[in-house]
Amino acid sequence: MALADDGIPICRPGGKGGMIFPLGLEAEFAWPDGFRGFLYAAAMVYWFLAVAIVADLFMASIEMVTGRRKKTRRPTGQLVTVKVWNETVATLTLMALGSSAPEIFLSVIDIVKKEFHFGALGPSTIVGSAAFNLLVIIAVCVFVIPHGEVRIIKNIPAFYITALFSIVAYVWMALILSVVSPDVVDLWEAVVTFLLLPVLVVASYKTDLGDADWVLRRLRIIDPEVFEEQVENRHGFVSFSSEQLKVTGADSEMAVEVAVLRRKVSCAPGPISCAYRTEAVTAVPGYDFEEIEGALEFAEDEMEKTISFKILGKRRRIFDCEFLVLLQDLEGGPTFDPDDDGGEDEAILTVAIGRHGPEAGLAQRTLHRVCNPDTLRLAFSEWREQMWSTLFVNGSLEEQREAGVAEWVIHVISFPWKVTIGTMPPTCLFGGWACFYASLIGIAVLTTCVSDLAELFGCVLGIPDIVTAVTFVALGTSMPDLFASLTAAKEDPTADASIVNVTGSNSVNVFLGLGVPWTVAAVYWMVVGRTADWEARYPKVASRQTGSAFVVESANLGFSVGMFCYVSVLAIALLQARRRWLLCELGGPFVAKVLASLTLIFLWCSWVAVVSWRVLRSDSGVTEDIRVFSAMFVATMLATLAVLVVTRISAVHPEQDDLEERQEATVSDNTMTKAEDADVRFAADTGGTGSMDSPEANKAAVVGLAAPDDAKESVIVPAKKLDLGVWDDSFFTDDLGEEKPRAPMSAGVSGRPASSRAV
């Protein structure tokens with residue numbers, strides 16, 4: 001229960017109250033506590049809705065900031081386009097700040113409200129949010145994958161790094177609260193907590209560059225064979241006819257066409273498709289060029305397509321300007337050329353528009369460099385549209401005509417927040433930074449309100465702040481993350497956005513959300529020194545300490561952190577077991593994924609229950625403590641062991657459909673084709689004889705090369721599956737469909753598909 005400095009609860013007459021609530025209505029203190037509790041709870045939900053809306057805008061601004069590109073030269077001298085922000089660095093800094101901003105601000109605001117004394121609401125919300133993210137969000141993501149599909153973590157080194165640091169963060173937190181300096185956070189401890197964030201970023205960045213691959217191979221985190229295998233790309237590459245296109249600026253509009261080619265194809269070209277779009281660099285869409293996006297579809301045997309776009313006419317262009325045409329999301333077999341601009345992920349064409357018209361003066365050129373007038377016109381145009389869209393259901397009059405009752409109800413409820421937040425700057429203004437800072441201030445104000453409402457809610461109902469934080473507040477601040485992870489799990493082809501972002505965010509919560517406010521508080525008390533109020537608040541610490549310090553009443557907080565470390569280890573072990581035995585983290589056999597989801601939710605419920613019990617029964621005896629801890633340990637261990645056994649059984653005796661799913665999820669598009677029946681298929685180049693004796697056949701068998709159906713020299717050979725899930729490569733099916741014994745292979749060559757190895 002939150003108390004004012006004079007010991008009067010903040011929800012009672014004479015209490016100091018929060019920074020914003022209560023609003024000073026004396027009559028409010030006379031209302032029944034039950035009614036006030038309901039009112040504060042409803043207000044918290046309403047403010048959580050506002051936090052979610054402004055957090056979406058905050059994330060959009062971060063995507064705009066981190067999406068900027070620049071030109072750089074490779075060692076070969078080739079000029080290529082890269083993002084200004086490294087993806088790993090952006091994910092662990094700005095992206096993590098965006099997803100964890102409410103929790104971080106709650107912790108900072110809690111310190112300020114308490115006049116640099118410890119407050120349980122902020123730190124407990126961080127721990128509660130971490131538990132909800134790791135256990136509940138991943139549980140939901142495991143379950144929602146449709147039957148017949150799986151998701152696997154692609155960037156497995158990043159997962160291990162962030163998972164390790166997420167555990168280290170909370171173990172470190174438990175140590176400094178309960179072991180190193182009980183009830184006190186020294187300055188060096190707070191500084192080390194904050195400095196662990198750049199350590200995490202640097203370690204992840206180096207791992208992303210491949211500098212730590214030798215360590216990961218020695219630890220068997222990555223498989224050297226899998227990473228070093230090179231598979232021939234018979235479907236060729238898709239690319240632009242050139243990487244640079246220079247266009248002379250003019251007063252009138254010009255139509256431009258660029259060719260998209262299929263190159264280096266060594267098999268009959270089948271149908272493929274890819275998406276294309278334009279992206280501004282220094283050119284302004286709507287003023288220098290016309291934005292386009294769409295899809296290219298190549299028919300069978302078609303080798304070339306064209307993309308058309310328009311260069312808009314202007315009376316004068318003071319400087320040369322550029323924009324990009326991007327090819328992405330390639331499907332059908334080919335890949336993008338890794339040697340071209342964009343690499344394997346996309347193909348990039350840079351369009352440069354030359355300057356023209358009367359020469360500008362020095363002042364005009366300087367002003368144009370500082371702030372392009374066309375950029376301002378575009379920003380204010382989007383700002384006007386942004387505010388106008390808040391008036392309609394789903395953002396437009398056309399969408400409103402088709403809206404249902406539920407959408408109307410949500411629109412009416414959230415209308416005040418939409419209108420208010422709609423006045424914030426658009427993401428295109430000043431490269432996204434204007435929206436970034438405006439939404440950051442908005443989140444700070446809204447979380448201040450949430451902090452006050454949470455304390456008032458717990459005060460009137462007699463609920464301690466820690467219990468309020470790990471339940472109501474943690475759920476409210478984590479709801480945007482839940483829906484974002486849910487969407488990513490369904491739509492993304494991998495599990496990285498659903499799982500790796502959770503472990504990274506949990507680490508940043510501690511390093512930034514506790515490191516910053518605790519460092520500030522430790523410095524404050526070091527400068528201010530002992531005061532009469534400080535000595536009255538902390539008589540035990542004052543009796544054993546010569547100077548003042550930042551005191552953290554850590555009995556309950558340290559306990560909750562320690563128990564979270566325990567359940568997080570169980571959760572990560574379960575994910576690792578699913579990867580080892582089911583070859584996926586999300587989805588998989590129905591029974592295994594349901595039990596995994598229920599077990600993770602059970603771990604969260606157990607954690608919440610034991611933490612709440614510990615806070616509410618702080619005066620319990622040793623016997624009761626042992627009984628409760630033993631019951632939780634036995635229940636959680638039995639539940640985890642049970643789901644591990646089921647997961648192992650599912651791997652040994654897979655169902656036919658689930659076997660196909662796992663094989664498809666563990667290979668790249670160039671190493672496995674989707675089977676249409678229950679047999680797992682792999683391709684071997686037989687030269688039309690149906691024999692596996694040729695070197696080409698052995699090579700295809702080793703790497704699991706999936707040859708195209710239309711290649712005359714290739715056949716699809718189904719591997720014979722025994723009852724116990726063991727692959728028998730001693731038989732093959734010839735061109736007539738008859739099963740025959742396979743000729744002996746050369747030493748060291750296995751006909752087992754590469755995808756059947758444990759990852």
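For the pair K70 and K83, the minimum side-chain heavy-atom distance is 4.5 Å or more. With contacts defined as side-chain heavy-atom distances shorter than 4.5 Å, the pair L514/I126 qualifies. Residues W518 and P123 form a side-chain contact, since some pair of their non-hydrogen atoms from C-beta on lies under 4.5 Å apart. Contact check for D345 versus Q328: no side-chain heavy atoms found under the 4.5 Å cut-off. Residues L349 and I307 have side chains not in contact (no heavy-atom distance under 4.5 Å, counting atoms from C-beta outward). When side chains are defined from C-beta on, S242 does not count as touching Q244, because their heavy atoms never get closer than 4.5 Å. Contact of the S451 side chain with the M19 side chain is not registered, since no non-hydrogen atoms from C-beta on lie closer than 4.5 Å. The closest side-chain heavy-atom distance from P358 to R315 is below 4.5 Å.
Atom CD1 in I145 sits 5.0 Å away from atom CG in L586 (nearest 0.5 Å).
The pair D341-K71 meets the salt-bridge criterion, since a charged nitrogen lies less than 4.0 angstrom from a carboxylate oxygen. Between R151 and E149 a salt bridge is recorded (basic side-chain N to carboxylate O distance below 4.0 Å).
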Worksheet entry | E279 and R69: CA distance, side-chain angles, deciding distance, salt bridge (charged side-chain N to carboxylate O under 4.0 Å, His left out) verdict | CA-CA 10 Å; E279 182 177 303; R69 301 176 188 254; 2.7 Å; yes
Item to complete: Show the numbers, then the answer: is there a side-chain contact (heavy atoms from CB on, under 4.5 Å) between I311 and F309?
Response: CA-CA 7 Å; I311 305 297; F309 54 87; 4.0 Å; yes
Practice prompt. Check the pair S498, D492 against side-chain contact (heavy atoms from CB on, under 4.5 Å), reporting the backbone distance first and the verdict last.
Written response: CA-CA 9 Å; S498 304; D492 289 2; over 6 Å; no
Item to complete: Please report the C-alpha distance between D496 and T494 in whole Å, then the side-chain angles of each, then the deciding distance to 0.1 Å, and finally whether the side-chain hydrogen bond (donor to acceptor under 3.5 Å, both in side chains) criterion is met.
Response: CA-CA 6 Å; D496 294 62; T494 68; 3.1 Å; yes
Fill in: From CA spacing to verdict: side-chain contact (heavy atoms from CB on, under 4.5 Å), V238, L327
CA-CA 9 Å; V238 173; L327 298 179; 4.3 Å; yes
Item to complete: Show your working on side-chain contact (heavy atoms from CB on, under 4.5 Å) between V144 and V140 and close with a plain yes or no.
Response: CA-CA 6 Å; V144 298; V140 174; 3.9 Å; yes
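With ring centers used as reference points, F58 lies under 6.0 Å from F436. Residues F336 and F240 place their aromatic rings such that the two centres sit no closer than 6.0 Å.
In this structure, the side chain of Q386 engages the main chain of G422 through a donor-acceptor pair within 3.5 Å. Distance alone, capped at 3.5 Å, is enough to place a donor-acceptor pair between the Q400 side chain and the V393 backbone. Formation of a donor-acceptor pair under 3.5 Å by the D110 side chain with backbone atoms of G122 is found in this model. In this structure a side-chain-to-backbone donor-acceptor pair under 3.5 Å is present from D452 to I20. Of the possible donor and acceptor atoms, none in the side chain of T375 sits under 3.5 Å from a partner among the backbone N and O of C371. Proximity of a side-chain donor or acceptor of W383 to a complementary backbone N or O of M424 within less than 3.5 Å is detected. Proximity of a side-chain donor or acceptor of E399 to a complementary backbone N or O of S396 within less than 3.5 Å is not detected.
Within 6.0 Å of the CZ atom in F392, the count of heavy atoms belonging to other residues, nucleotides or ligands exceeds 12. Other residues, nucleotides and ligands place no more than 12 heavy atoms under 6.0 Å from the CD atom of E87. The environment of CZ in F48 is crowded: more than 12 heavy-atom neighbours from other residues, nucleotides or ligands sit within 6.0 Å. When the shell of 6.0 Å around OH of Y46 is examined, it contains more than 12 heavy atoms from other residues, nucleotides or ligands. More than 12 heavy atoms of other residues, nucleotides or ligands shown are found within 6.0 angstrom of CH2 on W433. No more than 12 heavy atoms of other residues, nucleotides or ligands sit less than 6.0 Å from atom NZ of K206. Shown here is R355, whose CZ atom has no more than 12 heavy atoms of other residues, nucleotides or ligands within 6.0 Å. More than 12 heavy-atom neighbours from other residues, nucleotides or ligands sit within 6.0 angstrom of OH on Y287.
Ring geometry, W47 versus W417: the interplanar angle exceeds 60°, so the pair is classed perpendicular (tilted spans 30 to 60°).
The closest side-chain donor-acceptor pair between S478 and S129 falls under 3.5 angstrom. Side-chain contact of E243 with Q78: a donor-acceptor pair under 3.5 Å is present, judged by distance alone. Under 3.5 Å, the side chains of T448 and K113 contain no donor-acceptor pair of N or O atoms. Under 3.5 Å, the side chains of D337 and S239 contain no donor-acceptor pair of N or O atoms. For the residue pair S505 / S100, a side-chain donor-acceptor distance below 3.5 Å is found, with atom types taken as modelled. There is a side-chain donor-acceptor pair under 3.5 Å between R316 and Q364. A donor-acceptor contact closer than 3.5 angstrom is absent between the side chains of D481 and S99. Side-chain contact, T282 with E322: no donor N or O sits under 3.5 Å from an acceptor N or O.
Cation-pi geometry between R365 and F319 is not satisfied (NZ or CZ under 6.0 Å from the ring centre, within 45° of the ring normal).
When all heavy atoms of T88 and S204 are compared, the pair lying nearest together is CG2-CB, 3.5 Å. When all heavy atoms of P416 and V412 are compared, the closest pair comes out as CD-O, 3.9 Å. When every heavy atom of G504 is checked against every heavy atom of L92, the shortest pair comes out as CA-CD2, 4.0 Å. Closest approach of T427 to S61, counting heavy atoms only: CG2-N, 3.8 Å.
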